[in-house]
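A short write-up of the structure that comes next.
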Amino acid sequence: MTTTASQTAGPYWHIIDHPEWADLRRGENAAMAGTTITLTGQITDGDGTPCGDAMVEIWQAGPDGACEAGFHGFGRCASDDQGRFRFTTLKPGPVPGPGNSLQAPHITLAVFARGLMNHVTTRAYFAAEPLNEADPILALVPEARRPTMLARETAPGVWTLDIRLQGADETVFLDI
């Protein structure tokens, strides 16, 4: 039997890989005001082996926390042979949440990789962000597991969120 795109998530995404999509400041976004950041990380399987054939998509609000005119807030990046991904974007602002709540600034990530019948989705929150304490979605995650969703600043303007697809240190994935 031949595997088709409806039976596995990959490696079909490489057909539509556009390396330029890893820079969300491209095109109209290049002139937008905001703080430029890099979001990077490594995708590994349950054994800690890098997933060199994964693809990450991100969605985010603009710097003012809205879907600003001209800011498309979408990016896509294939992992390298060490499972690493890298995006250049503008740091998002807080966004409205359920009820009258306010969600902390975050970037939503969808990971497509071998062995996944459907992509998995998580969020990258920014460590030490004061609004994290009141974020209604992050509050649903047991406190001991929240660090798997916290990107840490590893250099000025560089935020790192490693993604573990399974195992004891598995990243928290959202059921959307």
Side-chain angles (χ1 to χ4, degrees), residues 3 7-14 17 19 21-24 35 37-61 73-89 91-92 94-95 97-98 101-176:
T3 303
Q7 294 171 315
T8 183
Y12 305 104
W13 56 81
H14 293 288
D17 181 33
W21 288 6
D23 187 345
L24 277 69
T35 302
I37 64 167
T38 298
L39 177 64
T40 187
Q42 183 182 36
I43 303 165
T44 55
D45 65 17
D47 294 327
T49 303
C51 294
D53 60 352
M55 197 245 330
V56 180
E57 288 184 351
I58 65 171
W59 300 275
Q60 68 170 86
F74 169 80
R76 177 180 287 156
C77 176
S79 64
D80 66 14
D81 60 352
Q82 291 301 305
R84 299 207 172 276
F85 61 91
R86 180 183 185 89
F87 291 94
T88 303
T89 187
K91 188 172 183 187
V95 296
S101 65
L102 190 62
Q103 295 181 62
H106 64 275
I107 297 174
T108 301
L109 298 91
V111 179
F112 300 80
R114 61 180 147 76
L116 296 178
M117 294 302 284
N118 296 301
H119 66 274
V120 291
T121 303
T122 191
R123 284 183 172 186
Y125 288 92
F126 299 92
E129 167 62 51
L131 291 175
N132 287 347
E133 295 300 318
D135 185 272
I137 306 304
L138 194 56
L140 296 172
V141 177
E143 193 168 342
R145 305 271 295 125
R146 290 179 194 163
T148 70
M149 298 174 77
L150 294 178
R152 63 193 187 290
E153 193 169 23
T154 53
V158 178
W159 294 87
T160 301
L161 180 74
D162 291 330
I163 298 172
R164 186 76 174 254
L165 294 177
Q166 60 186 169
D169 299 321
E170 179 178 326
T171 300
V172 170
F173 297 110
L174 306 172
D175 186 18
I176 349 189

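As the structure is a prediction and not an experimental result, all values here were calculated from the model.
Other residues, nucleotides and ligands contribute at most 12 non-hydrogen atoms within 6.0 Å of the CZ atom of R86.
T89 contributes no side-chain N or O that, together with a main-chain N or O of L24, makes up a donor-acceptor pair within less than 3.5 Å. Counting only distance, with no hydrogens or angles, the side chain of D45 and the backbone of D47 share a donor-acceptor pair below 3.5 Å. A donor-acceptor pair under 3.5 Å links the side-chain atoms of T148 to the main chain of V172, judged by distance alone. T171 places a side-chain N or O within 3.5 Å of a backbone atom of R164 that can act as its donor or acceptor partner. In this structure a side-chain-to-backbone donor-acceptor pair under 3.5 Å is missing from Q82 to R84.
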Pair R152, T154 - check side chain to side chain contact (heavy atoms under 4.5 Å, CB included), show working. CA-CA 6 Å; R152 63 193 187 290; T154 53; 4.0 Å; yes
One pair to check against side chain to side chain contact (heavy atoms under 4.5 Å, CB included): L174 and R123. What are the steps and the verdict? CA-CA 8 Å; L174 306 172; R123 284 183 172 186; 3.8 Å; yes
Can V95 and H106 be said to form a side chain to side chain contact (heavy atoms under 4.5 Å, CB included), step by step? CA-CA 9 Å; V95 296; H106 64 275; 3.8 Å; yes
Stepwise, does the side chain to side chain contact (heavy atoms under 4.5 Å, CB included) test hold for I43 with L165? CA-CA 7 Å; I43 303 165; L165 294 177; 4.0 Å; yes
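Here E57 contributes atom CD and T108 contributes atom OG1; the two are 11.5 Å apart, rounded to the nearest 0.5 Å. E170 contributes atom CD, which lies 10.5 Å from atom OG1 of T44 (distance to the nearest 0.5 angstrom). Atom SG of C77 and atom CG of L109 lie 10.5 Å apart (nearest 0.5 Å). Atom CE in M149 sits 5.0 Å away from atom OH in Y125 (nearest 0.5 Å). Atom CZ in F74 sits 12.0 Å away from atom CD in Q60 (nearest 0.5 Å). From F85, atom CZ reaches atom OG1 of T160 across 8.5 Å, with rounding to the nearest 0.5 Å.
You'll find the side chain of V158 reaches within 4.5 Å of the side chain of T40, heavy atoms only. P92 has its side chain within reach of I107: a pair of non-hydrogen atoms, C-beta onward, lies under 4.5 Å apart.
The minimum heavy-atom distance linking P50 with D81 is given by the pair CB-O, 4.3 Å. When every heavy atom of E153 is checked against every heavy atom of A155, the shortest pair comes out as CG-O, 3.1 Å. The heavy-atom pair separating A151 from A124 by the smallest distance is CB-CB, 4.4 Å. Of all the heavy atoms in C51 and S79, the pair that sits closest is O-OG, 2.8 Å.
Pairs of residues two or more places apart, or lying in two chains, that qualify as ring pair (Phe, Tyr, Trp, His ring centres under 6.0 Å) and include a residue from residues 147-176 are F126-W159. Contacts classified as ring pair (Phe, Tyr, Trp, His ring centres under 6.0 Å) and involving residues 136-155 (residues at least two apart or in different chains) are not found.
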